[in-house]
Amino acid sequence: MVFIGAVVVWEVATRLAESVFFPPPTEIVSTALQLWFSGPASQLFLSDVVFDHILPSLGRCLAGWAIAVILGVGLGTALGRSRTGMDYVGPLFAFFRAIPPPTLVPVFMVLFGLGPGMQVATIIFGAIWPVLLNTVDGVRAVDSVKVDTARSFRTPTPYWIGMVVLPAALPKIFAGLRLSLSISLILMVVSELIGSLNGIGHELISAQRAFEFPLMWTWIVLLGILGFGLNSLLLAAERRVLRWQPNRNNDG
């Protein structure tokens, strides 16, 4: 109801303002339907814009995020189990974390050239830090009783990590995953604003430069929808994976 009320207020306010820069939601929806759902039945009525711009953007976003997750969880687990690892690399991480990923786009352009390589590298650089640092904190927070029990039974390291450490660290890891997913979506757009020939960011800046404001707002709304949808899917996965936790069972 809150969402519906907000849309109604938006519609009324923009109609009264009659500003070319802020089209009403009905006009945005009409533009979206014409832009994205005007394809043939063989394409499930999806237009070529979906296949040429939206899907490639999502592919780059999810690929960069997935690589960041693998690297972040792996490195974070190793550093979390080490007593002195973070003492050596902690200052280095703090230095690189302070660098805004968009400022490194020219560097990635030199290293990987224009195209998906540069875009994925930008996403990885920005998305890895929440996953890595939350994994380190989660691994370090494993109950000492579990640690002592595993040592007393001489549990092999792979079983110890897979059956004890990672399950105990999953709540903090998922917190990092949600944050990194939002960052990945933002960096997907940023990386497509420079030297890209397709993608949501490319279409957004093209509409802005052409003063096609309904089209521009259509892409902005799509980003909000994608962010909400991806976050909802990740939350659903989190609830399913962590349903063994007593507090989550009580909430359900």
Side-chain angles (χ1 to χ4, degrees), residues 7 10 14 20-69 100-128 177-234:
V7 173
W10 184 4
T14 50
V20 68
F21 301 104
F22 300 99
T26 50
E27 186 176 352
I28 295 174
V29 171
S30 176
T31 303
L33 292 176
Q34 182 179 2
L35 182 64
W36 302 327
F37 300 101
S38 58
S42 60
Q43 297 180 179
L44 300 178
F45 300 103
L46 297 176
S47 67
D48 292 337
V49 173
V50 175
F51 298 98
D52 295 339
H53 299 285
I54 299 178
L55 293 184
S57 284
L58 275 177
R60 291 189 286 264
C61 176
L62 295 177
W65 178 70
I67 295 173
V69 169
T103 63
L104 293 180
V105 168
V107 178
F108 294 137
M109 289 174 60
V110 173
L111 294 176
F112 303 103
L114 293 175
M118 175 270 290
Q119 295 157 1
V120 171
T122 304
I123 294 171
I124 293 172
F125 180 82
I128 192 173
L177 294 184
R178 292 197 304 271
L179 181 57
S180 67
L181 184 58
S182 299
I183 294 174
S184 297
L185 193 63
I186 295 171
L187 293 178
M188 174 199 77
V189 177
V190 171
S191 64
E192 291 174 348
L193 298 178
I194 304 174
S196 178
L197 299 178
N198 69 343
I200 296 174
H202 173 267
E203 291 298 290
L204 175 61
I205 197 66
S206 297
Q208 179 183 354
R209 289 170 177 170
F211 300 101
E212 297 180 359
F213 297 109
L215 182 59
M216 181 190 75
W217 278 99
T218 299
W219 290 110
I220 293 174
V221 170
L222 175 63
L223 289 172
I225 294 173
L226 290 177
F228 175 79
L230 292 174
N231 185 67
S232 298
L233 290 175
L234 189 56

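Owing to the predicted nature of the structure, the values given are computational and were not obtained by experimental measurement.
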Discussion item. Show, in sequence, the C-alpha distance, side-chain angles and deciding distance for Thr122 and Leu104, and conclude whether the side chain to side chain contact (heavy atoms under 4.5 Å, CB included) test is met.
Written reply: CA-CA 7 Å; Thr122 304; Leu104 293 180; over 6 Å; no
Practice prompt. Show your working on side chain to side chain contact (heavy atoms under 4.5 Å, CB included) between Leu215 and Glu203 and close with a plain yes or no.
Written response: CA-CA 9 Å; Leu215 182 59; Glu203 291 298 290; 5.7 Å; no
Discussion item. I'd like to know whether Val120 forms a side chain to side chain contact (heavy atoms under 4.5 Å, CB included) with Ile124, so could you lay out the CA-CA distance, the side-chain angles of the two residues, the decisive distance to 0.1 Å, and finally the verdict.
Written reply: CA-CA 6 Å; Val120 171; Ile124 293 172; 3.7 Å; yes
Discussion item. Is there a side chain to side chain contact (heavy atoms under 4.5 Å, CB included) between Phe45 and Ser38? Walk through the geometry before answering.
Written reply: CA-CA 6 Å; Phe45 300 103; Ser38 58; over 6 Å; no
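Rounded to the nearest 0.5 angstrom, Leu62 CG and Leu55 CG are separated by 10.5 Å. Going from atom CG of Leu46 over to atom CZ of Phe37 covers 6.0 Å, rounded to the nearest 0.5 Å. Once rounded to the nearest 0.5 Å, the distance linking CG of Leu204 with OG1 of Thr218 reads 10.5 Å. Between atom SG of residue Cys61 and atom CG of residue Leu230 there is a gap of 6.5 Å, rounded to the nearest 0.5 Å. In this structure, Phe125 CZ and Phe108 CZ are separated by 6.0 Å, a value rounded to the nearest 0.5 Å. Rounded to the nearest 0.5 Å, atoms OG (Ser182) and CH2 (Trp65) are 10.5 Å apart.
Between Phe213 and Phe21, a ring centre-to-centre spacing shorter than 6.0 Å is recorded.
Listed here is the closest heavy atom pair of Ile205 and Leu193: CB-CD2, 3.8 Å. The minimum heavy-atom distance between Glu27 and Pro214, with the atom names listed, is OE2-CG, 3.2 Å. Listed here is the closest heavy atom pair of Leu181 and Leu234: CD2-CD2, 4.1 Å. The minimum heavy-atom distance between Pro23 and Trp217, with the atom names listed, is CD-CD1, 3.4 Å. Considering all non-hydrogen atoms of both residues, Ala127 and Ser180 come closest at O-CB, 3.1 Å. The shortest heavy-atom contact between Phe51 and Pro56 is O-CD, 3.3 Å.
Listed for the Glu192 side chain is a donor-acceptor partner under 3.5 Å among the backbone atoms of Ile200. Side-chain atoms of Ser47 come within 3.5 Å of backbone atoms of Leu35 as a donor-acceptor pair (strictly under, hydrogens ignored). Proximity of a side-chain donor or acceptor of Asn198 to a complementary backbone N or O of Asp52 within less than 3.5 Å is detected.
Side chains of Pro25 and Thr14 form a contact here, defined as non-hydrogen atoms less than 4.5 Å apart. Using a 4.5 Å heavy-atom threshold, the side chains of Met188 and Gln119 count as separate. Side-chain contact between Val110 and Met118 is absent, with no heavy atoms from C-beta onward closer than 4.5 Å. Side-chain contact between Leu222 and Trp36: present, with at least one pair of heavy atoms (C-beta onward) separated by less than 4.5 Å. Side-chain contact between Phe228 and Leu233 is absent, with no heavy-atom pair separated by less than 4.5 Å. Side-chain contact between Leu177 and Val69 is present, with at least one heavy-atom pair separated by less than 4.5 Å. Val221 places a side-chain heavy atom less than 4.5 Å from the side chain of Ile225. For the pair His202/Ser206, a side-chain contact is recorded, criterion being any heavy-atom separation below 4.5 Å from C-beta on.
By the neighbour-count criterion of 12 heavy atoms within 6.0 Å, atom CG of Leu197 is sparsely surrounded, having that number or fewer from other residues, nucleotides or ligands. Counting non-hydrogen atoms of other residues, nucleotides and ligands closer than 6.0 Å to CD of Gln43 gives a total above 12.
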